[in-house]
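Below is one structure, written out as structure tokens, with a few remarks after it.
Chain letters run A, B, ... following the sequence lines, proteins first, then strands; residues in each count from 1.
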Protein chains: 4
Amino acid sequence: MSIAHGKLGIVTESQVARPASPRRRQARGERRIQQLLDAAASVFCRTGYTSASTNAIAREAGVSPGTLYQFFPNKEAIAVELGDRLTQQMRDTHGVVFTDENAALPLGEMLDVVLDPLIEFNCANPVFLTLICSSDTPGTVAEEHAALHAALQTRVEELIGTYVPELTPERRTRIATMAFALFKAGLELILSHEGEDREAYITEMKNCLYGYLAPVIGTEAAPARH
Amino acid sequence: MSIAHGKLGIVTESQVARPASPRRRQARGERRIQQLLDAAASVFCRTGYTSASTNAIAREAGVSPGTLYQFFPNKEAIAVELGDRLTQQMRDTHGVVFTDENAALPLGEMLDVVLDPLIEFNCANPVFLTLICSSDTPGTVAEEHAALHAALQTRVEELIGTYVPELTPERRTRIATMAFALFKAGLELILSHEGEDREAYITEMKNCLYGYLAPVIGTEAAPARH
Amino acid sequence: MSIAHGKLGIVTESQVARPASPRRRQARGERRIQQLLDAAASVFCRTGYTSASTNAIAREAGVSPGTLYQFFPNKEAIAVELGDRLTQQMRDTHGVVFTDENAALPLGEMLDVVLDPLIEFNCANPVFLTLICSSDTPGTVAEEHAALHAALQTRVEELIGTYVPELTPERRTRIATMAFALFKAGLELILSHEGEDREAYITEMKNCLYGYLAPVIGTEAAPARH
Amino acid sequence: MSIAHGKLGIVTESQVARPASPRRRQARGERRIQQLLDAAASVFCRTGYTSASTNAIAREAGVSPGTLYQFFPNKEAIAVELGDRLTQQMRDTHGVVFTDENAALPLGEMLDVVLDPLIEFNCANPVFLTLICSSDTPGTVAEEHAALHAALQTRVEELIGTYVPELTPERRTRIATMAFALFKAGLELILSHEGEDREAYITEMKNCLYGYLAPVIGTEAAPARH
DNA sequence: GATGAATGAGGATTCATTCAT
DNA sequence: TATGAATGAATCCTCATTCAT
């Protein structure tokens with residue numbers, strides 16, 4: 001049974017775009033929001049989060065600045081909502097990723113099963129990486145995406161724990177952190193290439209993770225649970 | 001004999017800060033420049049490149065904005081010169097890093113010999129990573145640091161070539177790119193921790209690179225040259 | 001017999017909120033208007049007239065901005081109507097205030113009789129003072145409240161005239177103006193205190209008016225009329 | 001000996017326009033600041049503090065918005081500095097106002113001696129009243145002018161204390177508050193008239209204060225000190 | 001009528017850069 | 001050279017008001 005649904009639930013009751021009235025927002029507004037989020041995704045990818053201006057997003061969405069602020073109180077809220085929706089979408093589409101069954105597979109297969117949908121999703125939604133990495137100072141993740149970041153990394157930790165429960169929590173955290181960093185770095189390369197090159201980089205990333213994790217969690221299937 | 005001097009020098013032809021008189025710059029001016037670069041390093045680290053303002057740099061340096069612009073035509077030039085100097089300094093201090101002798105060592109030792117000074121240098125000069133990663137858009141390195149970036153990666157490629165000359169150029173480039181990305185990602189983690197944690201992350205990074213490279217270039221010493 | 005009805009009615013010819021059909025407004029519309037005016041009163045008191053936004057008023061009233069503009073053409077009209085209604089209410093509740101009978105009383109008693117209901121009314125409706133003082137530039141009363149202001153002051157003038165008909169019109173106007181200004185100033189203090197403090201300030205205001213008016217209109221009852 | 005210099009010293013080490021360097025600001029900058037403060041005074045008087053925009057002030061001063069912000073971090077700082085300078089100027093020009101000698105005079109003379117310079121000063125600098133009254137919500141003085149306001153009122157309290165030391169502190173505070181409110185209200189009238197009218201209102205204000213204070217502090221000279 | 005989306009000018013503020021002294 | 005004043009476009013955000021549904 002998939003545990004993904006419970007665990008990735010970081011969609012923290014989005015603070016924006018929930019009007020007082022319990023009624024559902026009007027269709028037009030919902031469309032505008034999607035429009036704005038699409039525009040934001042586009043602008044974030046093009047210029048990065050920090051350099052993206054709300055005016056630019058509004059312009060890209062073809063609306064006035066005021067309209068943007070009717071739906072989002074500030075730039076951060078846009079990013080948060082965008083992150084929330086992407087996370088949700090990832091869960092809906094690739095929820096299988098983090099199931100315990102996967103954790104039972106031998107390393108190589110597990111990497112395929114886990115990474116392929118993640119990579120696919122990120123190729124389809126390159127903003128996701130932008131959001132997660134949207135930090136001016138390397139090593140620091142912007143406040144607003146901390147939750148998103150944390151949730152993903154927690155999943156990695158859990159996955160590792162499934163294979164080698166005997167690791168100290170510190171070591172496990174470190175390995176997860178490193179693996180996640182590696183994943184992000186690899187993703188960056190993957191996203192910046194296309195076609196065969198992209199495929200090749202996907203392989204490199206898998207090789208890399210395989211080489212890193214094999215000594216730690218072994219190449220065999222994880223021990224049977226319970 | 002070290003080949004570093006010829007190879008890493010690509011970007012040292014500083015485009016800025018060369019006053020009209022080609023004679024050696026006055027000591028005062030040189031001091032000013034160093035002052036400004038130090039200030040810039042500090043500010044870049046604190047706020048990131050994009051968010052760093054020239055006024056903030058001037059203030060940190062204890063000079064007026066006008067003075068800053070007497071030495072640098074714009075913000076970018078500061079970053080470029082800073083990168084140049086750091087590269088130079090790295091060469092001077094750790095030039096031995098990329099020698100062919102190192103390339104002859106077994107993988108584990110080579111990683112120690114190559115990485116330790118690089119890590120040390122980056123811990124002492126955290127701006128370096130900031131500059132290299134100063135891009136807002138992941139996967140794209142800001143124009144100004146492309147050269148710096150390229151020079152470093154070229155060295156990695158060469159190093160790999162020393163071990164396994166039979167790799168196709170494409171594969172070699174890919175592996176170097178991946179390894180370099182991995183290095184940057186690991187460095188980020190290293191820099192964001194201190195004390196024992198930092199040491200632990202250094203180990204993780206080495207493990208990671210070892211695991212990735214071992215299947216490619218083997219764990220033995222490189223074949224004798226010539 | 002009260003003369004207030006004829007005299008204070010100057011501004012009651014509400015210029016707004018008269019829908020096309022001259023028939024009595026629908027009960028619902030009337031309720032809406034009251035809702036909006038109550039909300040406006042609350043917001044004006046909280047933030048002042050200038051800083052009060054129509055959106056905030058609509059929100060406070062629990063309606064949409066569009067609805068607000070269905071009943072009032074602009075922010076000013078809200079204030080005007082609010083003033084009108086308060087004046088009306090004041091007349092209805094405390095209409096006795098400015099009767100000639102009062103004017104026959106000795107100063108001290110007259111002040112009690114005249115001021116107490118006024119103070120009570122203003123404590124119950126603090127917006128009233130806000131509206132009257134809603135001017136940004138001291139000494140100038142905002143256009144919209146000029147009439148309200150004028151009506152009140154006229155009454156004071158008449159009252160003074162009752163006591164000392166022999167004053168030149170100019171002097172009488174000046175004294176009324178000063179007394180009214182004093183009243184507003186005192187009211188401000190009264191409204192900004194509570195409990196015993198408030199009572200004490202009421203006494204101070206009366207003392208003040210007494211001390212000011214006694215030399216002018218005497219402390220005895222006014223001369224019998226006709 | 002005048003105690004004014006020690007007492008009105010609310011010029012609280014102005015937080016603006018004091019650069020790090022201990023050198024005196026350049027003459028041009030000093031002139032600009034004066035220009036900006038003059039412009040601010042003008043705009044504040046015309047539109048009130050709340051409605052005054054920094055752009056309007058800059059425009060009035062004939063400079064760009066950026067220039068304004070070179071000298072003042074925000075609108076409030078302008079008001080504060082303006083208040084500080086006016087207070088200073090008032091001290092310099094009319095420091096005699098609050099001396100103990102005045103406090104020895106019979107009420108009528110004291111009022112002349114104290115009020116005349118204050119009125120003169122306020123007629124010459126109408127912003128002063130605007131600043132002191134710059135509040136959206138009546139009865140509340142904007143944070144930034146609280147100090148100014150407080151200092152003035154304290155002086156009034158002290159003055160009253162000189163005449164009738166036996167008053168309870170509460171009563172004394174109340175009387176001072178009322179007298180000060182009365183003064184402000186009267187000033188408003190005075191400033192909004194000209195020529196003979198103004199003179200007449202000055203008389204009214206004095207009458208008013210006389211009538212209010214006579215019963216409290218008597219009309220005779222204050223008891224000899226010490 | 002009611003809603004809430006839409007507008008766009010305007011406000012505060014910042015910042016890279018230039019200029020006069 | 002050094003200074004610090006000056007610029008003005010660009011940022012984020014607000015608000016009175018209008019409009020489509």
Side chain of A/Thr47, backbone of A/Val43: donor and acceptor closer than 3.5 Å?
-> yes

Search all heavy atoms of D/Ala79 against all heavy atoms of D/Tyr49 and return the closest pair with its distance.
-> CB-CE1, 3.5 Å

Of B/Leu68 and A/Ser53, the one whose closest DNA chain F nucleotide lies more 5' | B/Leu68

side-chain contact (heavy atoms from CB on, under 4.5 Å) partners for D/Asn55, two or more places apart | D/Ser53, D/Arg59, D/Pro65

Taken to the nearest whole Å, CD/A/Gln70 to P/E/dT3 is 15 Å

Sub-3.5 Å pairs of nitrogen or oxygen atoms, protein against nucleotides 17-21 of chain E:
| residue | atom | partner | partner atom | Å |
| --- | --- | --- | --- | --- |
| E/dT17 | OP2 | B/Tyr69 | OH | 3.0 |
| E/dT17 | OP2 | B/Lys75 | N | 3.2 |

State whether B/Arg32 places a side-chain N or O below 4.0 Å from either non-bridging phosphate oxygen (OP1 or OP2) of F/dT1.
-> no

Could you tell me whether the phosphate oxygens of F/dT7, OP1 or OP2, come under 4.0 Å of any side-chain nitrogen or oxygen in D/Ser64?
-> yes

Run the side-chain hydrogen bond (donor to acceptor under 3.5 Å, both in side chains) check on C/Gln34 and C/Arg85 step by step: do they pass?
-> CA-CA 10 Å; C/Gln34 195 54 54; C/Arg85 300 220 170 183; 2.9 Å; yes

Heavy atoms of C/Ala39 and C/Glu60 approach each other most closely as CB-CG, 3.5 Å

Under 4.0 angstrom, heavy atoms only, what part of the nucleic acid is C/Ala58 near: base, sugar-phosphate, or nothing?
-> nothing

Within the side chain of B/Asn74, is there an N or O that forms a donor-acceptor pair under 3.5 Å with the backbone of B/Ala77?
-> yes

May I have the distance from B/Glu30 (atom CD) to F/dT1 (atom P), rounded to whole angstrom?
-> 12 Å

Take atom CG of D/Leu36 and atom C1' of E/dA12, then tell me their distance rounded to the nearest Å.
-> 15 Å

Check whether any side-chain nitrogen or oxygen of B/Thr67 sits under 4.0 Å from OP1 or OP2 of F/dA2, and answer yes or no.
-> no

Nearest-neighbour nucleotide for the C/Val63 side chain, E/dT3, F/dT3, E/dG8 considered | E/dT3

Approximate separation, where rounding is to 0.5 Å, of C/Ile57 CD1 and C/Leu82 CG | 9.0 Å

Spacing of A/Phe72 atom CZ relative to F/dT14 atom P, expressed in whole Å | 15 Å

Runs of at least three Watson-Crick or G-U pairs with DNA chain F, cut-off 3.5 Å = E:2-21 with F:2-21

Out of curiosity, A/Thr130 OG1 to A/Arg46 CZ, how far, rounded to the nearest 0.5 Å?
-> 12.0 Å

d(CD1, A/Ile57; P, F/dA10) in whole Å = 17 Å

Rounded interatomic separation in angstrom, taking CD from D/Gln34 and C1' from F/dA5 = 17 Å

Here the pair of heavy atoms bringing C/Lys75 nearest to C/Ala52 is NZ-O, 2.8 Å

